[in-house]
Amino acid sequence: MKKIEVISLVLDDSNRVEINLHGSTITSWISNKEERLFVSEKAIFDNKKAIRGGIPIVFPQFGPWDNNRPQHGFARTKKWKIKDEIKKTSQEVSVSLSLSDDEDTRKLWNYSFELIFEIRLTLNSLKNTLTVINKDSSDFDFTCLLHTYFKLPDIENFRIHDLKTAHFIDKVENGLEKVEQEDSIKIASEVDRVYTNCSKNHRLEISNKTQIILEKTNFPDTVLWNPWIEKATKMADFGSEEYKIMVCVEPGYVSKRLALKSNETFSASQKLTIFFFKFV
Ligand code: BG6
(Lines give C-alpha, C1' and ligand atoms only; values in the text may rest on other atoms or scores of the structure.)
Protein backbone atom coordinates (compact mmCIF):
# COMPACT_ATOMS: atom_id res chain seq x y z
CA MET A 1 0.00 0.00 0.00
CA LYS A 2 1.22 3.52 -0.79
CA LYS A 3 2.19 5.88 2.02
CA ILE A 4 -0.73 7.89 3.32
CA GLU A 5 0.14 11.55 3.49
CA VAL A 6 -1.57 13.50 6.17
CA ILE A 7 -1.15 17.13 7.20
CA SER A 8 -1.95 18.17 10.76
CA LEU A 9 -3.09 21.65 11.75
CA VAL A 10 -2.62 21.96 15.48
CA LEU A 11 -3.98 25.04 17.24
CA ASP A 12 -3.50 23.71 20.79
CA ASP A 13 -3.95 20.48 22.79
CA SER A 14 -7.73 20.50 22.28
CA ASN A 15 -8.15 21.76 18.71
CA ARG A 16 -6.68 20.20 15.58
CA VAL A 17 -7.46 19.14 12.03
CA GLU A 18 -6.07 16.38 9.82
CA ILE A 19 -6.10 16.54 6.05
CA ASN A 20 -5.29 13.61 3.79
CA LEU A 21 -3.62 14.73 0.56
CA HIS A 22 -5.74 12.09 -1.18
CA GLY A 23 -8.65 14.27 -2.29
CA SER A 24 -7.52 17.02 0.11
CA THR A 25 -9.98 15.26 2.40
CA ILE A 26 -10.28 16.68 5.91
CA THR A 27 -10.46 13.43 7.92
CA SER A 28 -10.53 14.81 11.44
CA TRP A 29 -11.65 17.97 13.20
CA ILE A 30 -11.06 17.84 16.92
CA SER A 31 -12.71 20.79 18.63
CA ASN A 32 -12.64 21.11 22.39
CA LYS A 33 -11.04 17.62 22.55
CA GLU A 34 -13.86 15.87 20.67
CA GLU A 35 -14.01 14.55 17.12
CA ARG A 36 -16.66 16.39 15.10
CA LEU A 37 -16.35 14.58 11.75
CA PHE A 38 -17.44 11.05 10.95
CA VAL A 39 -15.08 8.67 9.16
CA SER A 40 -16.30 5.11 8.69
CA GLU A 41 -14.48 2.29 10.44
CA LYS A 42 -14.58 0.61 7.04
CA ALA A 43 -13.19 3.59 5.09
CA ILE A 44 -10.61 2.48 2.54
CA PHE A 45 -7.30 4.36 2.50
CA ASP A 46 -5.77 2.99 -0.70
CA ASN A 47 -5.15 6.37 -2.37
CA LYS A 48 -7.63 5.31 -5.06
CA LYS A 49 -11.13 5.22 -3.61
CA ALA A 50 -12.75 8.32 -2.12
CA ILE A 51 -12.43 8.33 1.66
CA ARG A 52 -15.78 7.43 3.27
CA GLY A 53 -16.10 10.30 5.68
CA GLY A 54 -14.60 13.63 6.66
CA ILE A 55 -15.01 16.34 4.02
CA PRO A 56 -14.43 14.98 0.49
CA ILE A 57 -14.54 17.59 -2.30
CA VAL A 58 -16.99 17.01 -5.15
CA PHE A 59 -15.83 18.53 -8.46
CA PRO A 60 -16.51 18.92 -11.42
CA GLN A 61 -19.63 16.75 -11.19
CA PHE A 62 -22.10 16.17 -8.37
CA GLY A 63 -23.79 12.77 -8.54
CA PRO A 64 -23.64 10.29 -11.41
CA TRP A 65 -21.59 11.35 -14.45
CA ASP A 66 -22.30 10.26 -17.99
CA ASN A 67 -20.02 8.05 -20.13
CA ASN A 68 -18.98 5.93 -17.14
CA ARG A 69 -17.15 8.81 -15.55
CA PRO A 70 -16.83 8.66 -11.74
CA GLN A 71 -19.73 9.71 -9.49
CA HIS A 72 -18.96 13.03 -7.76
CA GLY A 73 -16.05 13.75 -10.14
CA PHE A 74 -12.32 13.32 -9.59
CA ALA A 75 -11.24 15.95 -7.03
CA ARG A 76 -11.90 13.52 -4.15
CA THR A 77 -9.68 10.81 -5.63
CA LYS A 78 -6.67 12.80 -6.85
CA LYS A 79 -3.57 13.58 -4.85
CA TRP A 80 -3.42 17.28 -4.00
CA LYS A 81 -0.31 19.40 -3.36
CA ILE A 82 0.51 21.92 -0.68
CA LYS A 83 0.02 25.38 -2.17
CA ASP A 84 0.72 27.56 0.89
CA GLU A 85 2.57 26.14 3.88
CA ILE A 86 0.94 26.02 7.30
CA LYS A 87 0.53 29.46 8.89
CA LYS A 88 -0.06 29.76 12.60
CA THR A 89 -0.93 32.55 15.01
CA SER A 90 -2.27 32.20 18.56
CA GLN A 91 -5.81 32.53 17.14
CA GLU A 92 -5.71 30.52 13.95
CA VAL A 93 -3.90 27.87 11.93
CA SER A 94 -4.37 27.45 8.17
CA VAL A 95 -3.07 25.74 5.07
CA SER A 96 -3.93 25.75 1.34
CA LEU A 97 -3.79 22.77 -0.99
CA SER A 98 -4.18 22.71 -4.75
CA LEU A 99 -5.04 20.43 -7.63
CA SER A 100 -4.32 21.13 -11.30
CA ASP A 101 -5.34 19.30 -14.43
CA ASP A 102 -3.15 16.42 -15.61
CA GLU A 103 -3.36 13.60 -18.12
CA ASP A 104 -5.92 11.68 -15.97
CA THR A 105 -8.25 14.62 -15.37
CA ARG A 106 -8.06 15.63 -19.04
CA LYS A 107 -9.26 12.18 -20.09
CA LEU A 108 -12.38 12.77 -17.98
CA TRP A 109 -12.79 16.52 -18.43
CA ASN A 110 -10.65 18.16 -21.05
CA TYR A 111 -9.95 21.55 -19.45
CA SER A 112 -7.07 23.30 -17.76
CA PHE A 113 -7.93 24.39 -14.21
CA GLU A 114 -6.61 24.91 -10.73
CA LEU A 115 -8.54 24.15 -7.55
CA ILE A 116 -7.40 25.66 -4.27
CA PHE A 117 -8.75 24.42 -0.95
CA GLU A 118 -8.04 26.57 2.08
CA ILE A 119 -8.55 25.15 5.55
CA ARG A 120 -8.67 27.53 8.48
CA LEU A 121 -9.03 26.39 12.09
CA THR A 122 -9.81 28.67 15.05
CA LEU A 123 -10.80 27.85 18.61
CA ASN A 124 -14.44 27.10 17.81
CA SER A 125 -14.59 27.05 14.06
CA LEU A 126 -13.43 25.40 10.87
CA LYS A 127 -13.63 27.31 7.60
CA ASN A 128 -13.13 25.68 4.19
CA THR A 129 -12.88 27.71 1.01
CA LEU A 130 -12.88 26.12 -2.41
CA THR A 131 -11.58 28.23 -5.29
CA VAL A 132 -11.90 27.18 -8.92
CA ILE A 133 -9.68 28.93 -11.49
CA ASN A 134 -10.39 28.49 -15.17
CA LYS A 135 -6.92 28.33 -16.77
CA ASP A 136 -8.28 27.14 -20.09
CA SER A 137 -8.68 29.16 -23.26
CA SER A 138 -12.32 27.94 -23.32
CA ASP A 139 -15.16 28.59 -20.88
CA PHE A 140 -16.26 25.59 -18.80
CA ASP A 141 -19.07 24.64 -16.44
CA PHE A 142 -19.25 22.37 -13.43
CA THR A 143 -21.01 21.51 -10.18
CA CYS A 144 -19.19 21.34 -6.85
CA LEU A 145 -19.87 20.54 -3.20
CA LEU A 146 -18.23 19.96 0.18
CA HIS A 147 -19.46 16.50 1.22
CA THR A 148 -19.31 17.10 4.98
CA TYR A 149 -19.86 14.04 7.21
CA PHE A 150 -20.77 15.08 10.77
CA LYS A 151 -20.23 12.67 13.64
CA LEU A 152 -23.25 12.25 15.91
CA PRO A 153 -23.68 10.55 19.27
CA ASP A 154 -27.12 9.38 18.05
CA ILE A 155 -29.12 10.26 14.90
CA GLU A 156 -32.27 10.17 17.13
CA ASN A 157 -31.22 13.49 18.65
CA PHE A 158 -30.01 15.21 15.48
CA ARG A 159 -32.05 18.08 14.05
CA ILE A 160 -31.39 20.51 11.20
CA HIS A 161 -33.07 23.91 11.18
CA ASP A 162 -33.55 26.83 8.78
CA LEU A 163 -34.87 24.86 5.80
CA LYS A 164 -38.62 25.46 6.25
CA THR A 165 -40.23 26.55 2.91
CA ALA A 166 -37.10 25.57 0.95
CA HIS A 167 -37.71 23.68 -2.28
CA PHE A 168 -35.99 20.32 -2.53
CA ILE A 169 -35.42 17.45 -4.92
CA ASP A 170 -36.15 14.19 -3.13
CA LYS A 171 -33.69 11.66 -4.58
CA VAL A 172 -35.24 8.88 -2.48
CA GLU A 173 -38.49 9.48 -4.43
CA ASN A 174 -36.95 9.58 -7.90
CA GLY A 175 -36.30 13.31 -7.87
CA LEU A 176 -39.80 14.42 -6.85
CA GLU A 177 -39.84 18.16 -6.16
CA LYS A 178 -41.16 19.13 -2.74
CA VAL A 179 -41.31 22.06 -0.32
CA GLU A 180 -39.97 21.60 3.20
CA GLN A 181 -42.73 21.84 5.82
CA GLU A 182 -40.69 21.28 8.97
CA ASP A 183 -38.99 23.84 11.19
CA SER A 184 -36.83 21.22 12.77
CA ILE A 185 -35.99 18.23 10.59
CA LYS A 186 -35.38 14.86 12.21
CA ILE A 187 -33.96 11.89 10.28
CA ALA A 188 -35.70 8.55 10.84
CA SER A 189 -35.37 6.87 7.42
CA GLU A 190 -33.22 7.15 4.29
CA VAL A 191 -32.76 10.81 3.33
CA ASP A 192 -31.17 12.09 0.11
CA ARG A 193 -32.33 15.62 -0.65
CA VAL A 194 -31.01 18.54 -2.62
CA TYR A 195 -32.37 21.76 -1.08
CA THR A 196 -32.11 24.39 -3.80
CA ASN A 197 -31.41 28.09 -3.27
CA CYS A 198 -32.01 27.63 0.43
CA SER A 199 -31.01 29.57 3.51
CA LYS A 200 -27.35 30.58 3.84
CA ASN A 201 -27.04 29.31 7.39
CA HIS A 202 -28.17 26.09 9.02
CA ARG A 203 -28.32 25.31 12.69
CA LEU A 204 -27.41 21.69 13.40
CA GLU A 205 -28.34 20.16 16.72
CA ILE A 206 -25.62 17.56 17.07
CA SER A 207 -26.64 16.54 20.60
CA ASN A 208 -28.36 18.19 23.55
CA LYS A 209 -25.01 19.79 24.44
CA THR A 210 -23.58 20.75 21.07
CA GLN A 211 -24.79 22.77 18.14
CA ILE A 212 -23.00 23.70 14.95
CA ILE A 213 -23.87 26.70 12.81
CA LEU A 214 -23.03 26.04 9.18
CA GLU A 215 -22.58 29.30 7.25
CA LYS A 216 -22.37 29.13 3.47
CA THR A 217 -20.92 31.66 1.06
CA ASN A 218 -21.64 31.22 -2.67
CA PHE A 219 -23.06 27.72 -2.14
CA PRO A 220 -26.79 28.18 -2.95
CA ASP A 221 -27.76 24.54 -2.32
CA THR A 222 -27.53 22.12 0.60
CA VAL A 223 -27.64 18.33 0.30
CA LEU A 224 -28.88 16.29 3.25
CA TRP A 225 -27.93 12.60 3.21
CA ASN A 226 -28.17 9.58 5.45
CA PRO A 227 -28.19 6.14 3.77
CA TRP A 228 -30.16 4.50 6.63
CA ILE A 229 -30.29 0.71 7.14
CA GLU A 230 -30.73 -0.87 3.72
CA LYS A 231 -28.30 1.33 1.77
CA ALA A 232 -25.76 1.13 4.61
CA THR A 233 -25.55 -2.65 4.31
CA LYS A 234 -24.91 -2.33 0.57
CA MET A 235 -21.93 -0.01 0.94
CA ALA A 236 -18.63 -1.90 1.20
CA ASP A 237 -16.86 0.96 2.98
CA PHE A 238 -19.56 1.77 5.52
CA GLY A 239 -20.53 -0.16 8.68
CA SER A 240 -24.06 -1.52 8.71
CA GLU A 241 -24.86 0.31 11.99
CA GLU A 242 -22.97 3.51 11.25
CA TYR A 243 -25.99 5.33 9.83
CA LYS A 244 -26.90 5.93 13.50
CA ILE A 245 -23.83 8.04 14.18
CA MET A 246 -23.49 10.24 11.09
CA VAL A 247 -25.25 12.70 8.84
CA CYS A 248 -24.03 14.52 5.74
CA VAL A 249 -24.93 18.19 5.38
CA GLU A 250 -23.27 19.26 2.16
CA PRO A 251 -23.11 22.87 0.91
CA GLY A 252 -22.88 22.97 -2.84
CA TYR A 253 -23.48 24.53 -6.20
CA VAL A 254 -25.31 21.55 -7.68
CA SER A 255 -28.87 22.24 -8.78
CA LYS A 256 -27.55 24.09 -11.82
CA ARG A 257 -24.12 24.16 -13.42
CA LEU A 258 -21.81 27.07 -12.79
CA ALA A 259 -20.35 28.59 -15.94
CA LEU A 260 -16.86 29.99 -15.57
CA LYS A 261 -15.26 31.99 -18.37
CA SER A 262 -11.66 31.55 -19.40
CA ASN A 263 -9.33 33.13 -16.77
CA GLU A 264 -12.18 33.66 -14.30
CA THR A 265 -12.21 32.51 -10.68
CA PHE A 266 -15.00 31.28 -8.42
CA SER A 267 -14.76 30.88 -4.64
CA ALA A 268 -17.23 29.40 -2.16
CA SER A 269 -16.93 28.44 1.47
CA GLN A 270 -18.46 26.82 4.50
CA LYS A 271 -17.77 27.92 8.05
CA LEU A 272 -18.67 25.56 10.87
CA THR A 273 -18.89 27.12 14.32
CA ILE A 274 -19.50 25.07 17.45
CA PHE A 275 -21.63 26.18 20.38
CA PHE A 276 -21.72 24.21 23.60
CA PHE A 277 -25.18 25.02 24.92
CA LYS A 278 -28.80 24.50 24.02
CA PHE A 279 -30.63 27.16 22.02
CA VAL A 280 -34.13 28.09 23.15
C1 BG6 B 1 -24.67 12.33 -1.66
C2 BG6 B 1 -25.65 12.01 -2.76
O3 BG6 B 1 -24.15 13.62 -1.85
O4 BG6 B 1 -23.59 11.40 -1.71
C5 BG6 B 1 -26.13 10.56 -2.60
O6 BG6 B 1 -26.76 12.90 -2.71
C7 BG6 B 1 -24.94 9.63 -2.59
O8 BG6 B 1 -27.01 10.24 -3.68
C9 BG6 B 1 -23.99 10.06 -1.48
O10 BG6 B 1 -25.41 8.31 -2.36
C11 BG6 B 1 -22.72 9.19 -1.37
O12 BG6 B 1 -22.08 9.10 -2.60
P13 BG6 B 1 -20.78 8.23 -2.78
O14 BG6 B 1 -20.40 8.30 -4.22
O15 BG6 B 1 -19.73 8.80 -1.89
O16 BG6 B 1 -21.15 6.82 -2.34
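Order of appearance sets the numbers: ligands from 1, and atoms from 1 within every ligand. Given the structure is predicted, the values throughout are model-derived calculations rather than measurements. Sequential numbering from 1 along the given sequence is applied to the chain's residues. For the numbers below, each heavy atom of this structure counts, side chains included, while hydrogens, waters and symmetry mates do not.
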Just wondering, more than 12 heavy atoms not from Asp13 lying within 6.0 Å of its CG?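 At most 12 heavy atoms, drawn from other residues, nucleotides or ligands, come within 6.0 Å of this atom.
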
Does CG belonging to Asn68 count more than 12 external heavy atoms closer than 6.0 Å?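 12 or below, so no.
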
Taking Asp221 for the side chain and Asn197 for the main chain, is one N or O donor matched with an acceptor at less than 3.5 Å?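 Here the side-chain-to-backbone pair exists.
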
The criterion is ring pair (Phe, Tyr, Trp, His ring centres under 6.0 Å); which residues satisfy it with Phe150, sequence neighbours excluded?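 Phe150 satisfies ring pair (Phe, Tyr, Trp, His ring centres under 6.0 Å) with no other residue.
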
Using ring pair (Phe, Tyr, Trp, His ring centres under 6.0 Å) as the criterion, list what pairs up with His72, not counting sequence neighbours.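 Scan of His72 (ring pair (Phe, Tyr, Trp, His ring centres under 6.0 Å), adjacent residues dropped) gives Phe62, His147.
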
Less than 3.5 Å apart, N/O on ligand 1 and N/O on the protein: could you list those pairs with the distances?
from, atom 1, to, atom 2, distance (Å)
ligand 1, 3 (O), His147, NE2, 3.1
ligand 1, 3 (O), Glu250, OE1, 2.7
ligand 1, 3 (O), Glu250, OE2, 3.4
ligand 1, 4 (O), His72, NE2, 3.1
ligand 1, 4 (O), His147, NE2, 2.8
ligand 1, 6 (O), Lys171, NZ, 3.0
ligand 1, 6 (O), Asp192, OD1, 2.7
ligand 1, 8 (O), Lys171, NZ, 3.3
ligand 1, 8 (O), Asp192, OD2, 2.5
ligand 1, 12 (O), Gln71, NE2, 3.3
ligand 1, 12 (O), His72, NE2, 3.4
ligand 1, 14 (O), Gln71, NE2, 3.0
ligand 1, 14 (O), Arg76, NH2, 3.0
ligand 1, 15 (O), Arg52, NH1, 2.9
ligand 1, 15 (O), Arg76, NH1, 2.9
ligand 1, 16 (O), Arg52, NH1, 3.3
ligand 1, 16 (O), Arg52, NH2, 2.9

Can you tell me which residue pairs pass the salt bridge (Lys or Arg N to Asp or Glu O under 4.0 Å) test with a partner in residues 55-76, sequence neighbours excluded?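 For residues 55-76: Asp66-Arg69.
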
